[in-house]
Amino acid sequence: MENLMVIGGATASGKSAVAVALARKIGGEVISCDSMQLYRGMDIGTATPTIEEMAGVQHHLLNVSDPAMDHLSAPEYREMALKVISQVKARGNIPILCGGTGLYIDALTKPRGFSVKGDDALRAELLKLDKQALHEKLASIDSAAAARLNVNDTRRVIRALEVFFLSGKTLTEHIQADAGRPGDYEGLLFALNWPRETLYARIDARVDEMMAAGLLDEVRFLRASGVPRDATAMQAIGYKELLAHLAGEEPLEMAVNRIKQSTRRYAKRQLTWFRGDSRTHWLDACEQNVDKIVEEIQMIWKKREEACKFSCPK
RNA sequence: GCCUUGGUAGCUCAGCUGGUAGAGCAGUAGACUGAAAAUCUACGUGUCGGUGGUUCAACUCCGCCCCGAGGCA
């Protein structure tokens, strides 16, 4: 299986700059792995790299779908990414995945089928039942999944039920089947590590920068162009809070504070995710500059490529 | 200087006719197979401002001191 370089980690940790520097050095192209940068018109709030920041490096999967119409998910991302990756390679360049959406990274680097398409009508139907009943229903068809899932995690309980109703096989059976097949790529994960306090300070500062850069106008424009408040894209941090403010539900200052706080919590969840992934190589970002980090990545990458050549010769 | 009032968890505050304290928020850790920037779970010891006294026992009552807020001079 081929290696795929992935720069993950928390939001505001400086992934993009590292990805660009790395790409310039090794002849790479960056493929975004961010569930929200996928949507158009959300550049400021999702910290999509600007043209200057891209510094001539080709970027992919940014601004590719309609926030009003689309609700993308992991398998759709996977499909798009697989296509882009093979195009990059056909050009003789090295694909560099960069982004903080852990599930999407796994979609490409772990055996995950996502084989049963969701059904909104069925979900709506199930949502009429109370959570207790849903959980009991799940226990009767897929006890392992029921044991794994909390009663209150209605979203996952419904998905587990949906998988069974639509495919005749339980979620647990799907997972077992997936475990037996290879992923698309062998992920080589990197994440930038900061002292928590520093990371949080960077987040707060970046939110202020976003506001100064016109995030409120960006949200206004999206609203004016008919993006519904309950669109998947509008669940993004920064957007849902400012939408609430624009709807007269809270003063701006409070909304901005909530954006900072949710971003901090989000970063924390991302750290939990990458910490739990034994593939992650943590790179100390605090005292090192981008060039040094890039060097470190190159070293690990080289070692991995050689090990791979040795252990799995074609 | 005098009077009033407050000082309890990182923050805002509750509490006890005396039996060494608890909420919200913040924070921390975790889960994650088609919404993932989403969704969900678990976690509450702190010189109760300081110091002396009364008491078997003081965060609670009393004295003095320190700090904050308001008022009167």
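Naming convention: chains lettered A, B, ... in sequence-line order (proteins, then strands); numbering from 1 in each chain.
A gap of 11 Å separates the C1' atoms of A23(B) and A9(B), to the nearest Å. For the C1' atoms, the distance from A21(B) to U54(B) is 23 Å, rounded to whole Å. Straight-line distance between the P atoms of C11(B) and C2(B): roughly 31 Å, to the nearest whole Å. For C16(B) and U20(B), the C1' atoms lie 11 Å apart once the distance is rounded to whole Å. When the C1' atom is used for both G50(B) and U8(B), the distance is 15 Å, rounded to whole Å. Across U28(B) and A36(B), the matching P atoms stand 24 Å from one another, rounded to whole Å. Taking atom C1' on both C56(B) and U12(B), the two are 37 Å apart, rounded to the nearest angstrom.
Side-chain atoms of S16(A) and E53(A) include no donor-acceptor pair closer than 3.5 Å. Of the N and O atoms on the side chains of E76(A) and S73(A), at least one donor lies less than 3.5 Å from an acceptor on the other residue.
Between the CG atom of D153(A) and the P atom of A35(B) there is a distance of 12 Å, given to the nearest Å. One interatomic measurement links the two molecules: CZ of F164(A) to P of U33(B), which rounds to 18 Å at whole-angstrom precision. Between the CZ atom of R258(A) and the C1' atom of A26(B) there is a distance of 15 Å, rounded to whole Å. Distance L271(A) CG to G30(B) P: 9 Å, rounded to the nearest Å. As rounded to whole Å, 10 Å separates atom P of A36(B) from atom NE2 of H71(A). Between the CG atom of L242(A) and the P atom of A37(B) there is a distance of 18 Å, given to the nearest Å. Nucleotide U33(B) holds its P atom 14 Å from the CG atom of L161(A), rounded to whole Å. The CZ atom of R148(A) sits 8 Å away from the P atom of C32(B) (whole-angstrom rounding).
E76(A) contributes a side-chain N or O that forms a donor-acceptor pair with the base of G34(B) under 3.5 Å. One donor-acceptor pair, N or O on each side, does fall under 3.5 Å between the base of A29(B) and the side chain of K268(A). For R275(A) against A29(B), a side-chain-to-base donor-acceptor contact under 3.5 Å is absent.
The side-chain heavy atoms of E218(A) and L242(A), taken from C-beta on, include no pair separated by under 4.5 Å. In this structure the side chain of E29(A) reaches within 4.5 angstrom of the side chain of H60(A), judged on heavy atoms.
Side-chain nitrogen and oxygen atoms of N152(A) include none within less than 4.0 Å of the OP1 or OP2 phosphate oxygen of U39(B). Note on R156(A): a side-chain N or O is less than 4.0 Å away from OP1 or OP2 of U33(B). Note on Y104(A): a side-chain N or O is less than 4.0 Å away from OP1 or OP2 of A36(B). For the pair Q261(A) and A26(B), the criterion of a side-chain N or O lying under 4.0 Å from OP1 or OP2 is met. Note on R269(A): every side-chain N or O is 4.0 Å or more away from OP1 and OP2 of A29(B). Considering only side-chain N and O atoms, S73(A) lies nowhere under 4.0 angstrom from the phosphate OP1 or OP2 of A35(B). Dashed line: the shortest gap from a side-chain N or O of T272(A) to OP1 or OP2 of C32(B) is not under 4.0 Å. Listed pair Y200(A) / A26(B) fails the phosphate criterion, with no side-chain N or O lying under 4.0 Å from OP1 or OP2. Contact annotation: R159(A) side-chain N/O to A35(B) OP1/OP2 distance is not under 4.0 Å. The phosphate of U28(B) has OP1 or OP2 within less than 4.0 Å of a side-chain N or O from R196(A). At A26(B), one or more side-chain N or O atoms of R265(A) fall inside 4.0 Å of OP1 or OP2 (strictly under the cut-off).
Base pairing of A69(B): its partner is U4(B), meeting the Watson-Crick or G-U wobble criterion (both donor-acceptor distances under 3.5 Å). With both pairing distances under 3.5 Å, G19(B) is matched to C56(B) as a Watson-Crick or G-U wobble pair. U45(B) is unpaired under the criterion used here, namely a Watson-Crick or G-U wobble arrangement in which both key atom distances are under 3.5 Å. Base pairing analysis places U33(B) opposite nothing; no Watson-Crick or G-U wobble pair with both distances below 3.5 Å involves it. Summarising the base pairing, C25(B) is matched to G10(B) through a Watson-Crick or G-U wobble pair whose two defining distances lie under 3.5 Å. Searching all strands for a Watson-Crick or G-U wobble partner of C64(B) with both distances below 3.5 Å returns G50(B).
Among A37(B), A31(B), G27(B), the nucleotide with an atom closest to any side-chain atom of D34(A) is A37(B). Here C40(B) is the nucleotide among C40(B), U33(B), A37(B) with the atom lying nearest to any side-chain atom of N150(A). Closest contact between the side chain of Q37(A) and the listed nucleotides A26(B), A37(B), G30(B) involves A37(B). For R112(A), the listed nucleotide lying nearest its side chain is U33(B); candidates were U33(B), U39(B), A37(B).
Within the nucleic acid shown, S115(A) comes within 4.0 Å of at least one base atom, counting heavy atoms only. When heavy atoms are screened at a 4.0 angstrom cut-off, G276(A) is found touching no nucleic acid atom at all. T232(A) comes within contact range of the sugar-phosphate backbone alone, with a heavy-atom separation under 4.0 Å but no base atom that close. In this structure, S262(A) reaches neither bases nor backbone, as no heavy-atom distance under 4.0 Å exists between it and the strands shown. Residue L72(A) is in sugar-phosphate contact alone, with no base atom involved, counting any heavy-atom pair closer than 4.0 Å across all strands shown.
Under 4.0 Å is where a charged nitrogen must lie from a carboxylate oxygen, and between R78(A) and D184(A) at least one such pair does. For R159(A) and E162(A), the salt-bridge test passes: some basic side-chain N is under 4.0 Å from an acidic carboxylate O. Between R279(A) and D106(A) there is a salt bridge, with a side-chain nitrogen of the basic residue lying less than 4.0 Å from a carboxylate oxygen of the acidic one. For D291(A) and K25(A), the salt-bridge test fails: no basic side-chain N is under 4.0 Å from an acidic carboxylate O.
Side-chain N or O atoms of T48(A) include none that pairs as donor or acceptor with a backbone N or O of Q37(A) at under 3.5 Å.
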